[in-house]
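Right, one structure below, let's go through it.
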Amino acid sequence: MKYSIKDIGLADKGRLRIEWAGQSMPVIHIIKERFKKEQPLEGVKIAACLHVTTETACLLKTLKAGGAKVAVCASNPLSTQDDVAASLVKEDEIPVFAIKGEDRESYYAHIHSALDIRPMVTLDDGADLISTIHSERKELIRGVYGGTEETTTGVIRLRSMAKAGVLAYPIIAVNDAHTKYLFDNRYGTGQSTIDGIIRSTNRLIAGSVFVICGYGWCGRGLAMRARGMGANVVITEVDPLRALEAVMDGYRVLPLAEAVTVGDIFCTLTGDIKVIGKEHFLQMKDGAIVANSGHFNVEIDLEGLREITKETRVIRDYVEEYTLTNGKRINILAEGRLINLAAGEGHPSSVMDMSFANQALSVEYIVKNYTLLEKKVYSVPEFIDKEIATMKLNAMGVRIDSLTSEQERYLTSWEMGT
Ligand code: ADE
């Protein structure tokens, strides 16, 4: 079996950590048990471009239990957990092409290696696999039934491909399922981003001015957690509706040009490029900490920063101190790559349980229905979303009420008024 990982000797540590994650993933466990019996993915070749974490390992094992043949590469050069990669190779015989800290060239070489499986289904987190198929591996398109996309940034890329008429096979936007974005993007990003910032800096959050660029689901999750730890949270936004929500949620909203003069810690979660640039760094306080939790490392303009920098040094793991020509020091975390996965371990397993349940059930849906699907970006079918919510509540031991038939009738009728 071909693979490319850091060190197979790390497999035992990875196996135990994967088991630990699995203990908080009851929905994936139920799906895996069903897949084992029903074999809905028998003979299906799957290429996955995901963050290689303990939670991803649980998903890949589930797909394999369902009969699939799986290959995986990283969806970010810094997010791979090398012990997990080793365990997947050694224990599960899954070809892994991912090494934490790989350079751009190996990152793309690894994508090509995963594609050599000649996938019938693709799983993406950021759409790098799909865009490689559409640009450099077009010969594979004929064999692909469909694909899934995990994250907001990837869904945006894929919707523009569909709009431009270049999307060559159907995609299910896992990100847009309620059981995904309301939990993973909000509570997952909220906790894991704080975790990554604390692990890399060990700075006190209480009493700090914490500037959050972007008040989407990820930004609001982080804002909740930063506030909960005693930070004075400032939101910057370009969307008036989101800005208004931030105001009414009780946050201070400022233009970034003003926020930079008061902030101690900055984090971008916008999905856009050059959100924090040269003009902003020059106005920041000495010692400001700047991180990104958006998918790509484009939100912080590091090129611009270098132009106004005298010298740099790595002052601790994942913290690079830039001394500017004006004498101030700016600390960039994890090279501007997504801080929660680079310096932390990504979202906790309990939330990935639902995200990856959406992945597993969407793959099954594609395999069953691909002949009926068009070259479009689809939502996760509602019945899957509801089923996952129900399974998660059951696993948590939470019971809810149901409508009486009279109530159901009332909700579907228009005749009854006052
Ligand atoms: N994205 C964010 N957190 C993650 C995790 N723990 N595993 C896989 N992908 C993730």
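Because the structure is predicted, anything quoted here is derived from the model rather than measured. Just follow the structure's listing: the first ligand is 1, and inside any ligand the first atom is 1.
For the pair Asp249 and Arg220, the salt-bridge criterion is not met [side-chain N within less than 4.0 Å of a carboxylate O].
With ring centers used as reference points, His110 lies 6.0 Å or more from Tyr3.
In this structure, the side chain of Asn76 engages the main chain of Leu78 through a donor-acceptor pair within 3.5 Å. Side chain of Asn331 to main chain of Gly287: a donor-acceptor pair is present (N/O by atom type, distance under 3.5 Å, no hydrogens or angles).
Of the options Val70, Val72, Val121, a side-chain contact (heavy atoms from CB on, under 4.5 Å) to Leu63 is made by Val70 and by none of the others.
Under the 6.0 Å distance and 45° angle rule, Arg227 counts as a cation-pi partner of Tyr251.
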What does the contact table look like for ligand 1 (nitrogen or oxygen on each side, cut-off under 3.5 Å)?
from     : atom 1 : to     : atom 2 : distance (Å)
ligand 1 : 3 (N)  : His347 : N      : 2.8
ligand 1 : 6 (N)  : Glu55  : OE1    : 2.9
ligand 1 : 6 (N)  : His347 : N      : 3.4
ligand 1 : 6 (N)  : His347 : O      : 3.0
ligand 1 : 7 (N)  : Thr53  : OG1    : 2.7

